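Below is one structure, written out as structure tokens, with a few remarks after it.
Both counts, for ligands and for their atoms, begin at 1 and track the order of listing. This is a predicted model, so every value here is computed, not measured.
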Amino acid sequence: MNKTMLKKYARLIVRVGANVQRGSRVVVYADVERADLAAEVVRDAYRCGASHVAVEWSHDEITRMHYTHRMTDVMTEIPRWEKEKMKDMAERLPCRIYIESSDPDLLRGISQEKIRAVRAVRVKTFKPYRDQMDNRHAWTIAAAPSKAWAKKIFPDLTPGNAVEKLWDAILKSVHVSADTDPVKEWEKINDAFKAKCDWLNKNAFTAMEYTSSNGTNFSVELIPGVLWMGGGEAFLNGHFFNPNLPTEEIFTSPKAGAASGTLVSTKPLSYSGQLIENFSITFAQGKAVSWTAEQGKEMLDQLLGMDEGAKMLGELALVPKTSPINQSGILFYNTLFDENASCHVALGSGFTNLYPGFEHLTRAELTERGINDSLIHVDFMIGADDLTVTGIRADGTRVKVFEHGDWAESMLAEL
Ligand code: ZN
């Protein structure tokens, strides 16, 4: 990756992703293997006037060593300094920039029980801080290749070539190219997202129906007034940022406990270093009641068994099959990309900020109103090539939203 492109990408992450402002405090999370990009991000954050930029380094091989050699009771003991650090963050609310590059197989072969235990303790311990920070600090997740990740995607290439090829795919997916200014490009992209969101919100659908020939036949109710959102988002104070780079989805949180029918997966789900493949989940009275998987059934059992909310949905997302990520034909083994290849739903926690007036309500009140709560939020893809999605208005009128896996022409004509 040449330096000019690296700088362009860093600018996109800092200015469009987190939208770092004069006086912002920033924390960058990166693997040492991508110190080159991390350094450019730090440089650009200071250029934007950040008052303090910190970097939290990770190293895949060392992370794996911890999992291999530490006993579960040691792994699940969270040191006091780590909690203090989270507490400090919840008070200072820095912009958080995640540079994702980890090997999807990082924890392959490590005891599932250990992984589950560590995950459960960490999620539980940090949830109060996360809830406190939710909707109050800007954050963004972007990706960069590591050798291991690139080799997983392109096993036949040399590590160097695989990394270059993954760089190309990543930069293409976030619309960074040699001859355009990505910051300007993203202004246009965010405008296009806004037009579609406005259309969905204006229609005020009370339910959505999904059908495709692979066996998906599903309906779910929506909570009146809850928004559809996509692209960038803004806080109440007006700070606009793009939490995911890339992003192709427009999403909402459906009403927890109001889904029925079957959803059939159309892409493998990579979770905790394991693949769950060719699976389907059937819902009744809003909850997953039965499921099958050709591969990774045990992992799916574990996921759905995490807590009460894990069996309900927290997200519905619309992504056209013409999405550049889908067109690339690459399976990235990473949700940031794979979720933007196709329509999906998420098991678990919903998005509280989609509920109008959320800032005056507690998490419990929002849960009561139908925004699902859970320790997990896990996306899986259901976007078949012949997927039809129909919106149903309060008066019973049916409006085509998606046909043949893409935005319906009648819908696009109204934008
Ligand atoms: Zn999503």
Side-chain angles (χ1 to χ4, degrees), residues 17 98 100 104 130 134-135 139-143 170 173-174 189-190 192-194 196-197 200-201 205 208 210 216 218 220 222-223 226-233 241-256 259 263-272 276 279 281 283 288 303 309-310 312-326 328 330-355 370-384 387 389 391 401-402 405-407:
Y98 300 87
E100 170 78 43
R130 284 188 192 287
D134 212 13
N135 307 319
W139 54 276
T140 191
I141 308 180
I170 290 172
S173 76
V174 292
I189 292 167
N190 279 323
F193 271 119
K194 188 174 179 301
K196 293 194 180 83
C197 291
L200 284 160
N201 290 327
F205 297 123
M208 305 298 282
Y210 290 71
T216 285
F218 173 82
V220 60
L222 301 182
I223 311 165
V226 165
L227 298 173
W228 289 88
M229 209 183 258
E233 48 190 82
F241 64 106
N242 271 85
N244 286 346
L245 296 173
T247 184
E248 297 288 339
E249 58 169 352
I250 291 185
F251 57 93
T252 191
S253 283
K255 188 170 178 182
L263 288 171
V264 179
S265 73
T266 53
K267 279 184 200 291
L269 164 59
S270 172
Y271 181 74
S272 245
I276 307 172
F279 60 100
I281 304 178
F283 296 81
L303 205 88
M312 297 191 280
L313 297 179
E315 176 185 357
L316 302 180
L318 299 168
V319 182
K321 68 179 179 192
T322 50
S323 128
I325 293 165
N326 196 31
S328 78
I330 298 170
L331 177 63
F332 286 84
Y333 301 97
N334 180 306
T335 305
L336 178 62
F337 292 84
D338 296 329
E339 77 158 349
N340 283 305
S342 154
C343 282
H344 58 269
V345 302
L347 294 166
S349 194
F351 304 111
T352 51
N353 61 325
L354 301 177
Y355 196 98
I371 304 281
N372 195 27
D373 195 14
S374 169
L375 295 172
I376 64 159
H377 175 98
V378 178
D379 293 298
F380 67 94
M381 305 304 130
I382 54 154
L387 177 70
V389 181
V401 179
F402 254 59
D406 203 345
W407 295 103

**Request:** Measure the acute angle between the ring planes of Phe351 and His377, then classify it against the limits of 30° and 60° as parallel, tilted or perpendicular.
**Result:**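 Correct class here is tilted.
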
**Message:** Using only atom types and a distance under 3.5 Å, with no angle test, would you say the side chain of Ser323 pairs donor to acceptor with the backbone of Glu248?
**Reply:**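 Not a single qualifying donor-acceptor pair exists.
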
**Message:** I'd like to know if the side chain of Asp373 and the backbone of Ser349 have a donor-acceptor N/O pair within less than 3.5 Å.
**Reply:**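 Checked: no pair found.
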
**Item:** Asp379 N/O/S atom closer than 2.8 Å to the Zn ion (ligand 1)
**Value:** no

**Request:** Give, rounded to 10 degrees, the angle between OE1 (Glu249) and OE1 (Glu339) as seen from the Zn ion (ligand 1).
**Result:**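 An angle of 110° at the metal.
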
**Message:** Does Lys321, at its NZ atom, have more than 12 non-hydrogen atoms belonging to other residues, nucleotides or ligands within less than 6.0 Å?
**Reply:** yes

**Asked** By atom name, which N, O or S atom belonging to His344 lies closest to the Zn ion (ligand 1)?
**Response** NE2

**Prompt:** By atom name, which N, O or S atom of Glu315 is the nearest to the Zn ion (ligand 1)?
**Reply:**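 Atom name of the closest N, O or S in Glu315: OE2.
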
